[in-house]
Trainee: 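Here you go, one structure.
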Protein chains: 2
Amino acid sequence: MPSESELSDELGVSRATVRTALAKLAANGLILRKQGDGTYVNAHVREASAHFGNLWDLVQLIEGNGYKPSIKLVSVSKRRATEKEVLALALETGEEVVCLRRLFYADDQPVILADNAIPLSLLKEPLEDIDGNLHIRDIFQRYFHQKISLAITEIRSTVLGADAGQRLGVESGKSILQLQVTLYGRNNLPLAVGTNIFNDAILRLSLVQAWV
Amino acid sequence: MPSESELSDELGVSRATVRTALAKLAANGLILRKQGDGTYVNAHVREASAHFGNLWDLVQLIEGNGYKPSIKLVSVSKRRATEKEVLALALETGEEVVCLRRLFYADDQPVILADNAIPLSLLKEPLEDIDGNLHIRDIFQRYFHQKISLAITEIRSTVLGADAGQRLGVESGKSILQLQVTLYGRNNLPLAVGTNIFNDAILRLSLVQAWV
DNA sequence: AAGTGGTCTAGACCACGGC
DNA sequence: CCGTGGTCTAGACCACTTG
């Protein structure tokens with residue numbers, strides 16, 4: 001790529017401005033910077049599906065694999081929080097959670113079964129209004145009036161159960177990926193916990209890391 | 001945290017300098033920045049094991065789980081590259097690769113079985129000299145005179161084979177994580193492909209993503 | 001309204017890599 | 001040696017959040 005000074009001349013901005021822009025690209029692994037040498041575009045990025053560590057953004061994950069993503073709501077309900085959920089979501093025992101079960105498709109093929117539990121106390125709109133086909137980001141914005149600011153994803157290997165197997169159209173008993181996600185809001189409080197059963201026979205889960 | 005202006009005053013540096021420092025922390029999810037509000041330390045980071053997307057750095061991964069890491073060389077040899085390796089490493093058919101098989105321990109418990117294949121043509125020192133207990137970064141620096149600049153890791157779920165099961169002290173047939181890593185050098189050419197069998201019953205593989 | 005982080009300028013010097 | 005990116009300064013204004 002052109003050097004920083006060339007870019008700042010051509011674009012009519014200061015070098016500092018060019019640098020902050022390039023820094024963002026570099027942070028996502030899109031370009032590689034080498035002191036004393038130059039800046040290069042990262043030709044290997046296309047090989048990865050989750051460029052920016054967006055493990056929790058299932059829509060992007062499917063797109064990154066070159067498929068057209070779509071979401072289908074399986075069920076929405078409310079129930080008492082389990083002990084695990086009480087712990088993870090910082091609830092009082094006996095509090096209720098909203099349960100979203102959704103199925104993600106890649107080109108009309110089911111690939112991810114996503115279960116989410118969200119504290120009922122955060123819900124700002126009627127439960128029945130929830131449009132389960134939306135992006136999780138928009139669901140939180142619209143019905144919970146919350147913004148997601150942090151996600152922690154734990155990746156596990158597990159054996160596919162009968163129920164999930166049927167939903168995904170895969171014989172149960174197979175080895176499959178499980179992404180356990182905890183989402184946090186702007187106030188640093190937990191918004192949701194989720195379990196995503198991920199058919200890694202169809203979708204690749206690959207990450208880039210650019211070295212300093 | 002103190003505001004940028006406070007920090008720049010206290011530390012006697014310009015605000016721009018403070019900003020670049022904070023930007024690095026934010027990129028790794030260690031702090032959260034909110035325009036119009038302030039900068040906050042991310043208390044949830046400690047829940048993650050691989051903060052910086054370092055999926056290929058197994059030593060850091062083990063440390064992140066709170067264990068003391070150690071490496072034991074199982075075998076080092078050379079052989080013809082497989083077809084897959086020819087493709088992934090951009091070799092000619094029939095070229096040879098150096099094969100490193102290593103076992104990673106967490107507090108003296110085997111947790112990761114790592115197989116690496118590196119083009120023999122890159123080797124700059126005698127094969128026998130290789131110290132398999134070193135960090136992969138140092139192995140490349142010392143014996144191949146190469147620096148790792150990019151890594152792409154693909155995460156899969158698989159069934160544990162008999163051989164790997166024995167090495168890891170786990171009964172074979174279990175569901176387990178497989179990390180397939182491709183390392184690239186400064187010149188953007190592939191340095192190595194690796195398959196890491198990862199016992200996720202002991203080690204957690206968790207990642208943070210800070211939202212913008 | 002006051003304070004925060006986000007963006008930007010126009011300079012300067014340093015550390016590194018390739019030739 | 002020269003050009004590259006890395007670091008740094010001392011200002012300025014804007015966008016946003018909170019009280």
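These numbers come from the heavy atoms of this one structure, side chains and all, not from hydrogens, waters or symmetry mates. Note on naming: letters A, B, ... go to the chains in the order of the sequence lines (proteins, then strands), and numbering restarts at 1 for each one.
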Trainee: State which residues pass salt bridge (Lys or Arg N to Asp or Glu O under 4.0 Å) with Arg15(B); sequence neighbours excluded, sorted by chain then number.
Mentor: Glu4(B)
Trainee: Name all pairs fulfilling the ring-ring contact (aromatic ring centres under 6.0 Å, His included) condition that reach into residues 115-142 of chain A, sequence neighbours left out, sorted by first residue then second.
Mentor: Phe140(A)-Phe144(A)
Trainee: Can you tell me how far C1' of dG11(C) sits from CG of Asp9(A), to the nearest Å?
Mentor: 14 Å
Trainee: Residues of residues 17-25 of chain A with any non-hydrogen atom less than 4.0 angstrom from an atom of DNA chain D: list those, numerically ordered, please.
Mentor: Arg19(A)
Trainee: With no hydrogens and no angle check, just 3.5 Å: does a side-chain donor-acceptor pair link Ser14(A) and Thr17(A)?
Mentor: yes
Trainee: So among Leu127(B), Ile139(B), Leu122(B), which one has a side-chain contact (heavy atoms from CB on, under 4.5 Å) with Val98(B)?
Mentor: Leu127(B)
Trainee: Among all residues two or more places apart in sequence or in another chain, which pass the side-chain contact (heavy atoms from CB on, under 4.5 Å) test with Ser70(A)?
Mentor: Tyr105(A)
Trainee: When you check the gap from the basic side-chain N to the acidic O, do Arg101(B) and Asp115(B) get nearer than 4.0 Å?
Mentor: yes
Trainee: Could you tell me the separation between the CD atom of Glu4(A) and the C1' atom of dC2(D), rounded to a whole number of Å?
Mentor: 16 Å
Trainee: Just jot down the salt bridge (Lys or Arg N to Asp or Glu O under 4.0 Å) partners of Arg79(A), sequence neighbours excluded, or say none.
Mentor: Glu85(A)
Trainee: Go nucleotide by nucleotide along DNA chain C from the 5' end; which of Ser3(B) and Ser14(A) gets its closest nucleotide reached first?
Mentor: Ser3(B)
Trainee: Mind calculating the distance between CG (Asp37(A)) and C1' (dG3(D)) to the nearest angstrom?
Mentor: 10 Å
Trainee: Let me spell it out: for each of Met1(A) and Ala16(B), pick the nucleotide of DNA chain D with the closest heavy atom. Which residue's pick is nearer the 5' end?
Mentor: Met1(A)
Trainee: dT9(C) P sits how many Å from Leu11(A) CG, rounded?
Mentor: 10 Å
Trainee: Give every pair of a protein N or O atom and an N or O atom of nucleotides 12-14 of chain D that lie under 3.5 Å apart, one pair per line with the distance.
Mentor:
from: dA12(D); atom 1: N6; to: Arg15(B); atom 2: NH1; distance (Å): 3.2

Trainee: Does dG3(D) have OP1 or OP2 sitting under 4.0 Å from an N or O in the side chain of Ser5(A)?
Mentor: no
